[in-house]
There are 2 protein chains.
Amino acid sequence: MAERGAAQSSASSGESLLFLTDEQLRRGIEAMFFAYRGFTADPDRILENYAYGRAHHRAIHFINRSPGTTVNNLLAILGVTKQSLNRVLRTLVEDGLVESRVGTRDKRERHLYLTDQGIALERELSEAQRTRMRAAYRAAGPDAVAGFRTVLEQMMDPELRHHYFSNTEGGA
Amino acid sequence: MAERGAAQSSASSGESLLFLTDEQLRRGIEAMFFAYRGFTADPDRILENYAYGRAHHRAIHFINRSPGTTVNNLLAILGVTKQSLNRVLRTLVEDGLVESRVGTRDKRERHLYLTDQGIALERELSEAQRTRMRAAYRAAGPDAVAGFRTVLEQMMDPELRHHYFSNTEGGA
DNA sequence: CTTGGAAAGTCAACAAGGCTGACATAAAGT
DNA sequence: ACTTTATGTCAGCCTTGTTGACTTTCCAAG
């Protein structure tokens, strides 16, 4: 499936065996833009009620996914500066949604956990997001979903892909 | 709430009839997050050289896509306030990348066009983005690409979907 | 034990790009 | 004539990103 031709610009070659025309690619690009907006719309609406933003959502999501993760881990996943993350984390700790425990093995590290309140907000946010995703998956069908995931994973930076999608494929 | 138990958390049944487990959905959600970051990474790097941001990129993209579009059209597509868009548009006009022509039929409207310089930057940006998209498409294969597009379109807000993807399916 | 350096936190300043509100102008519609 | 629409602009605010400088804590190597 790799030898899909050279995908040259626009209509230079009439080969319609190609599906990688600039027009097709442009549609994919716009689809990403609009879909991402839809994807974040529901959580954004909820977050307004709590005076939080997307940055808080991301922190909550990944702490929920990996309870006990360290600040440095989170930094690597989120790809922001520690100052930026710290600002978000501080408010979440102050508000009692996240607990920061000093490490036992290495006391410099802080291990992050959601409190019951944090878990509640995570549920609310992810449930909204899953609902939309579920609807899209249902409407598109299983084959489309597989393709969706495949392309998305190929679109990420390779390092990240290996890190997060190499050993998680066992399930299902 | 709404114990999504219906979705049989994790891999309870080997039957792949079900593909809507919370775990599957979570993976899709994270894939969207990471893929979007990859998707914007290349243009972002280029934009730094010009002291522009994503907002400029979006304006340039949609003006290129629909030359002569009005400010109001752009506002509707981008989903931002006119003040926000105006700030971006002003710098692009000042810098000679976008031309704003008073409408002939309705002189209140401004019709937007990319200048040669604007076209050049658009090419640079979209070429970078297409390159990544093309690579992902090639690695994933045609069937995956179809599924990718289908799911993304389902994930957008319905109104937008109808507006932008109903009559553009003719090609290919 | 001392010291180097990593991990974490903090303060300050700044920028992009969202937002609201208020207001101005020209042109179109009624 | 009056209202509405399209656009532009000023001012101010917020979130979330950035850099730089600095401190505290603490593991580990000398």
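Letters A, B, ... are given to chains in the order of the sequence lines, protein chains preceding strands, and every chain is numbered from 1. Computed from a predicted structure; not experimentally measured.
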Charged N-O contact under 4.0 Å between Glu30(A) and Arg27(A): no

If you measure from the Lys or Arg side-chain nitrogens to the Asp or Glu carboxylate oxygens, is any gap between Arg132(B) and Asp157(A) under 4.0 Å? yes

Just wondering, are more than 12 heavy atoms of other shown residues or ligands nearer than 6.0 Å to CG in Asn49(B)? yes

Residue closer to the 5' end of DNA chain D, Arg105(A) versus Leu85(A) (nearest nucleotide): Leu85(A)

Which residue pairs satisfy the salt bridge (Lys or Arg N to Asp or Glu O under 4.0 Å) criterion with at least one member in residues 82-99 of chain B, sequence neighbours excluded? Glu99(B)-Arg101(B)

Categorize Gly103(A) for me: base, sugar-phosphate, or nothing, with a 4.0 angstrom heavy-atom threshold over every strand shown. nothing

Residues pairing under side-chain hydrogen bond (donor to acceptor under 3.5 Å, both in side chains) where one sits in residues 31-41 of chain A, two or more places apart or in two chains, turn out to be Thr40(A)-Arg54(A)

Min and max contacting nt of DNA chain D in 5' to 3' order, chain B heavy atoms within under 4.0 angstrom, are dT5(D) to dC10(D)

Name the nucleic acid region contacted by His56(B), choosing base, sugar-phosphate or nothing; use a 4.0 angstrom heavy-atom cut-off, strictly under. sugar-phosphate

For Arg58(A), give me all partners under salt bridge (charged side-chain N to carboxylate O under 4.0 Å, His left out), at least two apart in sequence or on another chain. none

Residue pairs fulfilling salt bridge (Lys or Arg N to Asp or Glu O under 4.0 Å) with at least one residue in residues 69-81 of chain B, sequence neighbours excluded: none

Straight-line distance of Ile29(B) CD1 to Met32(B) CE, nearest 0.5 Å: 10.0 Å

According to the salt bridge (Lys or Arg N to Asp or Glu O under 4.0 Å) rule, which pairs have a member within residues 68-81 of chain B, sequence neighbours left out? none

Asp143(A): what forms a salt bridge (charged side-chain N to carboxylate O under 4.0 Å, His left out) with it, not counting sequence neighbours? none

Of the residues in residues 37-55 of chain B, which ones touch DNA chain C at a heavy-atom distance under 4.0 Å? Gly53(B), Arg54(B), Ala55(B)

Starting from the first five and the last five pairs of the helix from dC1(C)-dG30(D) to dT30(C)-dA1(D), work out the angle between the resulting helix axes, to 10 degrees. 20°

For a 4.5 angstrom cut-off between non-hydrogen side-chain atoms, does His57(B) reach Glu122(B)? no

Checking Arg45(A) now: which residues fulfil salt bridge (charged side-chain N to carboxylate O under 4.0 Å, His left out) with it, not counting sequence neighbours? Asp42(A)

Under the ring pair (Phe, Tyr, Trp, His ring centres under 6.0 Å) test, which residues partner Phe33(A), sequence neighbours left out? Phe62(B)

Quick one, give me the B/S/- string for nucleotides 4-14 of chain C, reading 5' to 3', where B means a protein heavy atom under 4.0 Å from the base and S means that only happens at the primed atoms, P, OP1 or OP2. -BBSBBBB---

